[in-house]
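Below, chain A is the first sequence line, B the second, and so on; all start at residue 1. A quick note: this is a predicted structure, and the numbers were derived from the prediction, not measured.
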Number of protein chains: 2
Amino acid sequence: MRPTVTLRDIARALDLSTSTVARALADNPQISEQTKARVRISAAEFGYVANSAARATRRGHSTLIGLIIPDVQNEFYGALAKGLAQCCEKAGYQLLLAITEDEPVSEEHHVRGLTEARAAGIVIVPSPQPSKETMALLARGSWVQLIRRIAGAEAPWFGIDEAAALRSATAHLLSLGHRRIGYVGGMLDLSTGASRLAGYQAAFAALGIPAPEHLIRTGPPRTHFGAEGFRDLWLLENRPTAIVTAGARLTAGVLEQIGQMAIKVPGDISVVGYGDAPWWSSNLTTIGLPVREVAISCGEYLLRHVTGKQVSDGTPALNYEAVHTPTLIVRASTKAIG
Amino acid sequence: MRPTVTLRDIARALDLSTSTVARALADNPQISEQTKARVRISAAEFGYVANSAARATRRGHSTLIGLIIPDVQNEFYGALAKGLAQCCEKAGYQLLLAITEDEPVSEEHHVRGLTEARAAGIVIVPSPQPSKETMALLARGSWVQLIRRIAGAEAPWFGIDEAAALRSATAHLLSLGHRRIGYVGGMLDLSTGASRLAGYQAAFAALGIPAPEHLIRTGPPRTHFGAEGFRDLWLLENRPTAIVTAGARLTAGVLEQIGQMAIKVPGDISVVGYGDAPWWSSNLTTIGLPVREVAISCGEYLLRHVTGKQVSDGTPALNYEAVHTPTLIVRASTKAIG
DNA sequence: TCCTATCACGCAATCGATTGCAGTCAAGCA
DNA sequence: TGCTTGACTGCAATCGATTGCGTGATAGGA
């Protein structure tokens, strides 16, 4: 077995032209069944493996789909990656994973790499501030935004109704009589962070009550800040009677801090989590996120687009957007005040 | 700006040959600095983006590194993916993510895809039973095994000393006076599952005590089985006084079940976890796994190999293996018996 | 003045697969 | 027999980048 078997090798062995072999392998109708069979058998014997790089050269684009996310270790993005990977596999595409850590420089680097690889499409969870160059590169191909949204970007968006999530969480607590409801959430320069906070505020507004601005803590969406933010709120003179969290990592941080300080839930404080990680206490009232759904709807849309028109003549239906709605799961970590 | 700018376009504009442009962009010493500068400027103006597919065609291999894992949502594999991704980024390679769900068919599919893409190398966490075809395809290029190990496979292996992990966990409990130590672990057809159980047994053997075979439960490494296995053990007449878990998912399941049944830890039972997920109760005595370390050592090795010799003339040093040692982290979920 | 390094660069083949166009061959029909 | 038609295939160009080999020019040395 030669190191690499090419169409030529098969063609020579069968005394055919490479074109015929290529067409046979592609199941082209203008090739006779008999020839196809001979080719297939020979290919198997030779251990022929197609060269998708060469194919991509000719076709002008590969079968790669790029996924650009801040982090895979985060179970939220991990779930997205998995959903996308499954979509890709089903459609015969391959998933190229890029992790940015929310660094615009890294983001640009990866977008460039994907452009060089002539990726068929790109799914991106954008950083807070994508560079101009990043946007220019994205604009060359098909791309969609996932979860977060770039202000003014002309590409479809697939996301979650974050405002609704926090609105319902907050409303739930309000309906239980809570008023001093603390908020621990992500930074406001992310579209998600801003939406979540808006949801929190909207819940108060709906009741005509002013939101307690002094109980709002926003920062980097990391466990560390969740703990810190909570501690900060807890140590206030007039500490909150309930907490809503607006981020999975933050929820973890809050819960950990609560554990460390031996605070009783819901005795001392009611807590609403964000997301529904399988490993969280099964007692946590939380916001169930349609993570898988959004990933799949995103993947299917993009793939339908890139498989549809051979030439990626720009971005798919620029203004398309799909919003998935989260669900509040009421369990035992929240109770009426008093 | 044309849809795609090629070397030719730049060459024509500058009245040079494409070879010169290519060499200039590659910073080839035989091109004068002046010409290089002109080319670089022109390339930037044109918005030239290299075509790595064409490059791969010519070179015979791409800059793709394949990572084949059972699941990314699992934080353990997620961490591996992240480590590898970072290695790749540093070396200018790209990470192609493939998820098998431990299905040999899917595994083969992905290995084929990576072979077609002429990946520079493949990192695989093999399924319990890789197909023959899978092995044949892997053998064509550079590949390494991660964590799990295929019996008789001729490729380097990067893993964790799983036996040591369970030996120290079990020894810890034995030293606390426990004897009826339950074991909830993964299936034995995985190299990891077998090693872990062996470690558990070795700890008993070291004390000349027979291991309590009837307290051993092995099954699929999922949360669900963790819960089930624990419940099973707990309902025994002579229930164990301590539990070691041999899998992160299993630990999660055990803990959840313990929570549901309102069992006190370590009052009613001592528990040692497997892995150190940040979201676990910070009171859990557990086995800290050098996940990141193993991923990075694996990635650096493979990349050093593929970047070293241009031609991937087979697998890197066939018998190389790197074993990373876990650490027992003693916290509050274990106590002396009595 | 003639010869020979050096330097900077171009020619053309090559990588492997794909595809528009054209050619071959045999059967069918008048 | 001569022409048409359709079924199969082959030729050769093409995709974009890379690279071995060769060439012209300039400069320095004899």
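Contact of the A:R12 side chain with the A:D9 side chain is registered, since non-hydrogen atoms from C-beta on lie closer than 4.5 Å. Taking 4.5 Å as the limit, every side-chain heavy atom of A:R140 sits out of range of all side-chain heavy atoms of A:R118.
Listed candidates were C:dG16, C:dC9, D:dA12. Nearest to the side chain of B:T20 is C:dC9. The side chain of B:T57 lies closest to C:dC15 when the candidates are D:dC11, C:dC15, D:dT9. Taking the side chain of B:A22 as heavy atoms from C-beta on, and the options C:dC11, D:dT18, D:dG10, the nearest nucleotide is D:dT18. Listed nucleotides D:dT19, D:dG10, C:dG16 differ in distance to A:R23; the shortest reach to its side chain belongs to D:dG10.
For A:T6 against C:dC15, no side-chain N or O and base N or O form a donor-acceptor pair under 3.5 Å. Applying the 3.5 Å distance criterion, the base of C:dT14 shares a donor-acceptor pair with the side chain of B:R58. Under 3.5 Å, the side chain of A:T35 and the base of D:dC8 form no donor-acceptor pair of N or O atoms.
In this structure, the CZ atom of B:R55 is 18 Å from the P atom of C:dG16, given to the nearest Å. Computed from coordinates, the A:K36 NZ to D:dT9 P distance equals 10 Å when rounded to whole Å. Distance A:L16 CG to C:dG23 P: 20 Å, rounded to the nearest Å. Atom CZ in A:R12 sits roughly 20 Å away from atom P in D:dT9 (whole-Å rounding). For B:F46 and D:dG16, the CZ to P distance is 14 Å, given to the nearest whole Å. In this structure, B:Q30 atom CD and D:dT23 atom P are separated by 16 Å, rounded to whole Å. When rounded to the nearest whole Å, the span between CG of A:D9 and C1' of C:dC15 equals 13 Å. Rounded to whole angstrom, the span from the CG atom of A:L7 across to the C1' atom of C:dC15 amounts to 12 Å.
In this structure a side-chain-to-backbone donor-acceptor pair under 3.5 Å is present from B:T307 to B:L303.
For A:R59, a side-chain nitrogen or oxygen approaches OP1 or OP2 of C:dT19 to under 4.0 Å. Considering only side-chain N and O atoms, A:S32 lies under 4.0 angstrom from the phosphate OP1 or OP2 of D:dT9. The side chain of B:T18 places no N or O atom within less than 4.0 Å of a non-bridging phosphate oxygen (OP1 or OP2) of D:dG16.
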For this session: Applying side chain to side chain contact (heavy atoms under 4.5 Å, CB included), run through B:V306 and B:Y93 and close with a yes or a no.
Result: CA-CA 10 Å; B:V306 300; B:Y93 282 68; 3.9 Å; yes

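Sequence order on DNA chain C of the closest nucleotides to B:S19 and A:A50 puts B:S19 first from the 5' end. Of the two residues contacting DNA chain C, namely B:R118 and B:S17, the nearest-nucleotide position lying further toward the 5' end is that of B:S17.
Side chains of A:R292 and B:Q73: a donor-acceptor N/O pair is absent below 3.5 angstrom, by distance only. Under the 3.5 Å distance criterion, with hydrogens and angles disregarded, no donor-acceptor pair is assigned to the side chains of A:T100 and A:H110.
Among the atoms of the strands shown, only primed sugar atoms or phosphate atoms (P, OP1, OP2) are found under 4.0 Å from some heavy atom of A:D15.
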